[in-house]
Every structure is written in C-alpha cells, then in structure tokens.
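Every chain is numbered from 1 and lettered A, B, ... according to where its sequence line falls, protein lines coming before strand lines. Every heavy atom of this structure was used, including side-chain atoms; hydrogens, water molecules and symmetry mates were not. Computed from a predicted structure; not experimentally measured.
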There are 2 protein chains.
Amino acid sequence: MRQKLSVIETRAWIGFVKSQQSVLEIVDNKFKAGGFPPLSWYDLLLELEKAKGGRLRQKELGELILLSKYNVSRLLDRLEKQGFIKREPCEEDTRGVFAVITPKGKKLRNKMWPVYYGSIKENFLSKFNEKELKQIIWLSERLVQFQISRFE
Amino acid sequence: MRQKLSVIETRAWIGFVKSQQSVLEIVDNKFKAGGFPPLSWYDLLLELEKAKGGRLRQKELGELILLSKYNVSRLLDRLEKQGFIKREPCEEDTRGVFAVITPKGKKLRNKMWPVYYGSIKENFLSKFNEKELKQIIWLSERLVQFQISRFE
DNA sequence: TATAGTTAGTTGCATATGCAACTACTATTT
DNA sequence: AAATAGTAGTTGCATATGCAACTAACTATA
C-alpha cells in the first residue's frame, strides 16, 4: 500500500490545521494585549451564561467546551479564585458540582466580547462572503456534529 | 454598534474552531495509543527531513511549524535527549544553531507516518470528495498563506 | 441489602507552554 | 572603529495540561 497523500489532500489537510492555529493565535494575542484572560475563559463563561440558571454541571461544561474533566476542574479553580464563577453542590446527584457564573463573571464576559467580536470579524468573517460561510459550516459539520444555539 | 454575529456567522466560526480541535484530538490520541510521541514531534521531524541536508536553523523551523522560539528550543531539547535530532553550530552566523535529523529520527518519523496517514484518511479525507478538498484549500488560503511543498 | 461496577470530580506528579530576562552575536549608525 | 540597536537562542519562573490514582457517590445485579 502506497500510503502517500496527493497534493490536493496534503494542501487541504495542512490548510485545515494551520489556518485555525494561526487565526486562534491572533485572537488570543489580542485578548492578551487588552489585558484579558485567554479564550478558554471566555468560552467557559459563555456556556454558563447561555445555560439555564447560569449554571452547568462540570461534566456538561467539559463536553461543551471540549475539555477533559481535570482541565475543567482546574480552569474552574482559576475562575473561582478570581470570583468569576462559584461552585454549588448538586442536589439530585451529590457527586456532582455546579459551576455558576457570578455577576463579576458576566461583567468580564461582556468586556471581553467586543475584543473577541473584533478579532472574529477582522481575521475570519471579513475574508468570506455568505456563500463561503455556508460552505464552511457544511464542511465542518461533516467532520463533527455540534450543537450550537446562540452565540455572542 | 450592535456587535452581534448572525446565526450563519456563528456557526461558521464555531465550526471552524471546533472541527479542527476535535479532529486533532483524535489524531493525537491515536499516536498516544500506539506509544508514539505527539504530532508536534512528527511535524518537526518532517520539516527537517524535507529541508536540504536534513537541517534547519531553529528560527526557520519555528516559522514552519508555528512555534515560538523558546518552544522550538525546548522541543528540540526533548528530541535531542532521545537522539532524534542533534544540534550543529551555524558557520555563517555564529549565533545560530542548526537542528539536524538523525537516522534514528528518520526511523521514528517513518514509523509514525502510517499512523498519521490512517488518522488523516479516516477522520478527514474520507469525509470529502475532491471538489470539497479544493474548497477547503481555497477557504483556508484566504485566511493565511502557507508554503507547502510536499508532505508525507 | 450487599456487592461489584460505573461515574463525577479532585489531586500529586510529570511534562509542556508562556513570559521576561539574559548571553552572545550581527547589523547599523555615527 | 565605537556605540547602538536588533536578532538567535537559552533559561528561571509561573502557569497550564495530561495521566493515573484517589474519594465519594450513584447504578445494576444477585
């Protein structure tokens, strides 16, 4: 068997991997430059804010932001230490812990959003027209299935 | 100003970010499962092997694999410690250091390739036809410009 | 209801990454 | 040629991540 990729295949794979890497690096740098925490904090806060009651089990949270349980646990530690979230016991399942966004956390997310929005616009959306955005959706949903409700 | 993304914009952005994240996680897990080092090692070894004389200045290497200089330096430390690369002084610019792939490094890359190839095929290429791969190339090259020669 | 198996979350340890400061050199300006 | 600015690479320190082992609680089975 000739395990070799064609030129097209190669370029598609490399493009797929590196384009995301480059764009995300720019986004994270912009957060840093503004004195903000990294994108992962934003992601987490957003999921909490979207969730009913501003709270989620750590398990669910991890699935949403694609982070393993120990990383969720520690990310929450950092956010909790700074007062952006708090933990609450889970009544139905006493093993479980809810992460709840605090007013301070909401405020942080609100301040981060314009920066994030600017990055997305400038480094991603501005490069494509609507038809192309639909292609991107279509193509990426072939790879994985996400559940996306609303986002801002 | 209403800084809000449309549904299309949101789905495109999330899809773009998360699809790559998910696929790369699978790829890296497959390396791990086979007892291999992570993708970053493969990437580095590949660049060296492609380069003339099997060697590159650390600076150039960093640009190719999108890694900052201190990370290149340390990644090379790890590879060097295991004998997959060695460092050589640079004659023209005595500040510089060449990283050179060793026979052992080539052997490692060769053993990693079938695993990598399988992952790319299974988790990426198999989901698209040629027209779609071309779309991916086209779309990702809008975001960043890469120089890709050959790849395997 | 006792027992075994599973799941949610945390923690110690090893490794990886980021930042800033540092050394050693090259390039530029006067 | 001396002084200054810039570049390549390394390193100490702080933080982030991954793995495996752990606790505590839930679930299924006999």
_For B:Arg11, is there an ion pair with A:Glu141 - N to carboxylate O distance below 4.0 angstrom?_
yes
*Would you kindly give the CZ-to-P distance between A:Arg57 and C:dT10, to the nearest whole Å?*
11 Å
*Between C:dT26 and B:Thr94, is there an OP1 or OP2 to side-chain N/O distance shorter than 4.0 Å?*
yes
*For A:Arg55 and C:dA8, give me the distance from atom CZ to atom C1', rounded to whole Å.*
16 Å
*Closest nucleotide of DNA chain C for A:Asn29 versus for A:Val97: which of these residues is on the 5' side?*
A:Val97
*Taking atom P of D:dA24 as reference, at what distance in whole Å does atom CG of A:Asp93 sit?*
15 Å
*Look at the side chain of B:Arg95 and the base of C:dT26, then say whether one donor and one acceptor between them are separated by less than 3.5 Å.*
no
*Round to the nearest Å and state the distance from A:Tyr70 atom OH to D:dT23 atom P.*
20 Å
*Interatomic distance, B:Asp77 CG vs C:dA16 P [rounded to whole Å]*: 11 Å
*Do A:Val17 and B:Leu139 share a hydrophobic cluster (ILVMFWY, side-chain heavy atoms under 4.5 Å, transitive)?*
yes
*Let me know, please, whether B:Lys32 or A:Trp41 comes out on the 5' side of the other along DNA chain D by nearest nucleotide.*
A:Trp41
*Does the side chain of B:Arg78 get closer than 4.0 angstrom to OP1 or OP2 of C:dT17 through an N or O atom?*
yes
*Reckon A:Lys69 touches a base, only the sugar-phosphate, or nothing at all at heavy-atom distances under 4.0 Å?*
base
*Nearest-Å distance, CG (A:Leu75) to C1' (C:dT11)?*
16 Å
*Rounded off to whole Å, could you give me the CG-to-P distance for the B:Asn71 and D:dC13 pair?*
18 Å
*What is the distance from CD of A:Glu92 to P of D:dA25, rounded to the nearest Å?*
15 Å
*Only one of B:Arg109, B:Lys106, B:Lys107 passes salt bridge (Lys or Arg N to Asp or Glu O under 4.0 Å) with B:Glu49; say which it is.*
B:Arg109
*Classify the angle between the aromatic ring planes of B:Trp13 and A:Tyr116 as parallel (below 30°), tilted (30 to 60°) or perpendicular (above 60°).*
perpendicular
_Check: A:Arg74 side chain, D:dG18 base, donor-acceptor under 3.5 Å_ = yes
_Check the phosphate of C:dT10 against A:Ser73, side-chain N and O only, distance under 4.0 Å to OP1 or OP2. Yes or no?_
yes
*Does A:Phe128 have any ring pair (Phe, Tyr, Trp, His ring centres under 6.0 Å) partners at least two apart in sequence or in another chain, and if so, which?*
A:Phe124
